[in-house]
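Atoms considered below: every heavy atom in the structure, side chains included; atoms not considered: hydrogens, waters and symmetry mates.
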Amino acid sequence: MASASFLKSSPVLDKSEWVKGQTLRQPSASSVVRCLPTAPSGLTIRAGSYADELVKTAKTVASPGRGILAMDESNATCGKRLASIGLENTEANRQAYRTLLVSAPGIGQYVSGAILFEETLYQSTIDGKKIVDVLVEQGIVPGIKVDKGLVPLTGSNDESWCQGLDGLASRTAAYYQQGARFAKWRTVVSIPNGPSALAVKEAAWGLARYASIAQDNGLVPIVEPEILLDGEHTIDRTFEVALKVWAEVFFYLAENNVLFEGILLKPSMVTPGAEAKERATPQQVADYTLKLLHRRIPPAVPGIMFLSGGQSELEATLNLNAMNQSPNPWHVSFSYARALQNTCLKTWGGRPENVKAAQDALLIRAKANSLAQLGKYTGEGESEEAKKELFVKGYVY
């Protein structure tokens with residue numbers, strides 16, 4: 001399997017380095033959450049005793065031709081997906097669907113990491129095998145969603161902030177013990193609602209504190225300030241807001257002594273608002289997005305794993321392919337949920353006899369995005385389902 005050759009030839013994690021059962025290390029005092037930014041301390045960049053492992057994990061996830069399968073939907077959101085195919089939101093049905101995803105034969109050739117919800121990290125497949133173990137056997141690094149969701153940000157223009165810093169040090173330490181080797185924290189910025197300076201600063205500070213705490217407990221943090229597609233704004237307005245957001249994010253990452261070589265980014269592509277009259281071509285999206293990355297993202301960051309954010313399966317793949325037509329300082333790849341799973345879910349329909357066909361559909365999308373990461377995707381033979389718009393206004397994750 002291709003993933004195995006990556007693991008042998010690259011300076012990346014051996015499977016044994018992320019399996020369950022390693023000694024649990026105690027969080028250091030530096031992982032205590034502070035409420036407000038402090039003056040520069042003059043401390044050197046640190047990630048505790050995990051620094052080398054963090055760099056190896058990030059390089060493993062950012063390996064050529066591979067990206068991330070985001071399957072960290074909360075139980076409530078997973079319930080909405082199941083309801084769309086007429087299934088009840090039960091643990092058994094969630095388990096059946098997640099088993100289908102992680103056990104797709106050979107998916108590790110195209111997928112290097114899988115983001116899990118907490119239930120899934122501790123869950124077994126329908127055959128009784130630990131889901132974490134199944135991923136490791138596929139050459140896929142297990143990851144974990146660690147934020148606790150969005151809540152209203154008082155004093156703002158009806159905006160949100162992401163909660164979850166309380167208890168994060170102990171939770172990330174436990175997740176590491178369970179076999180997770182990277183983490184995800186999603187916060188959002190809304191263009192129609194401003195965004196206000198308060199909302200941008202809160203998003204950036206929360207991401208930086210999370211990233212520091214995650215690294216201190218052995219998890220590579222995925223940094224995700226999602227700029228929502230909601231709105232009628234132009235691509236130029238998205239670019240303007242993204243410049244501001246990423247400037248704040250990296251300022252506070254540095255303030256919190258985060259090791260850039262041991263993080264991954266999960267940004268939105270620079271596109272017009274979903275309700276804008278003028279649409280953008282894949283080349284325009286690539287031009288604006290790469291211009292943003294070159295202006296804001298240090299080359300020390302190993303991987304940029306784009307979210308799809310409601311783009312159709314086909315649109316997300318075409319845009320990624322356009323960004324990989326020439327060499328980049330970073331591994332530019334995908335971290336897709338709906339844009340990998342939509343056709344797969346519809347094909348499955350909750351029927352055991354459709355599992356193989358659904359896995360085949362997942363592999364088709366994963367391979368398409370693998371080719372896009374390499375800049376070799378052609379778009380030939382795509383289904384009508386792959387072309388369907390996946391944007392949902394006011395989407396709650």
Any side-chain donor near an acceptor of the partner, [X] and [Y], under 3.5 Å:
X	Y	result
E202	T187	no
Y176	E53	yes
T57	R181	no
Q283	D287	yes

Say whether, by atom type as modelled, one donor and one acceptor occur between the side chain of [X] and the main chain of [Y] under 3.5 angstrom.
X	Y	value
N328	N324	no
W185	I222	no
T238	P272	no
E159	N157	yes
Y175	L219	no
N256	A211	no
N89	N75	yes
T172	A169	yes
D158	N193	no

- Note on the structure: Correct closest heavy-atom pair for R279 and A274 would be NH1-O, 3.7 Å
- Message: Quick check: closest heavy atoms across L198 and G155, and the distance to 0.1 Å?
- Response: CD2-O, 3.6 Å
- Message: side chain to side chain contact (heavy atoms under 4.5 Å, CB included) for L363 and K367? Distances and angles first, verdict last.
- Response: CA-CA 6 Å; L363 291 170; K367 182 179 180 179; 6.0 Å; no
Between [atom1] of [X] and [atom2] of [Y], what distance do you get to the nearest 0.5 Å?
X	Y	atom1	atom2	result
Q341	L69	CD	CG	5.5 Å
M305	S112	CE	OG	5.0 Å
L290	I297	CG	CD1	11.5 Å

Would you say [Y] ends up clustered with [X] if hydrophobic residues are merged whenever their side chains have heavy atoms under 4.5 Å apart, either directly or through other cluster members?
X	Y	result
L153	L228	no
I304	L243	yes
W161	V200	no

- Item | side chain to side chain contact (heavy atoms under 4.5 Å, CB included) between F251 and W205, intermediate numbers included | CA-CA 9 Å; F251 174 78; W205 178 252; over 6 Å; no
Pairing of [X] and [Y] as salt bridge, 4.0 angstrom limit:
X	Y	value
K56	D52	no
K244	E248	yes
R171	E118	no

Can you find a heavy atom in the side chain of [X] that is under 4.5 Å from one in the side chain of [Y]?
X	Y	result
N319	P282	yes
T343	E313	yes
K201	Y252	yes
V55	L259	yes
L307	S268	yes

- Query: In terms of ring plane angle, is the pair F260 and F250 parallel, tilted or perpendicular, where the classes change at 30° and 60°?
  - Reply: perpendicular
- Message: Please verify the inter-ring angle class for W348 with Y97; under 30° counts as parallel, over 60° as perpendicular, anything in between as tilted.
- Response: parallel
- In a check of side chain to side chain donor-acceptor pair (under 3.5 Å) between R94 and each of E73, E119, Q123, which one passes? E119
- side chain to side chain donor-acceptor pair (under 3.5 Å), paired with T120, selected from R98, Q95, K145: R98
- Task: Please determine which of I364, I68, T317, N321 meets the side-chain contact (heavy atoms from CB on, under 4.5 Å) test together with N369.
- Result: T317
- Message: Quick check on side-chain contact (heavy atoms from CB on, under 4.5 Å): which of L165, D147, V258 does Y210 satisfy it with?
- Response: L165
- Steps toward side chain to side chain contact (heavy atoms under 4.5 Å, CB included) verdict (F117, T77): CA-CA 11 Å; F117 189 60; T77 301; over 6 Å; no
- Evaluate the side-chain hydrogen bond (donor to acceptor under 3.5 Å, both in side chains) criterion for residues N217 and Y50: first the C-alpha distance (whole Å), next the side-chain angles of each, then the deciding distance (0.1 Å), finally the verdict. CA-CA 7 Å; N217 290 284; Y50 291 101; 5.9 Å; no
- Evaluate the side chain to side chain contact (heavy atoms under 4.5 Å, CB included) criterion for residues L100 and Q359: first the C-alpha distance (whole Å), next the side-chain angles of each, then the deciding distance (0.1 Å), finally the verdict. CA-CA 7 Å; L100 182 160; Q359 290 179 328; 3.9 Å; yes
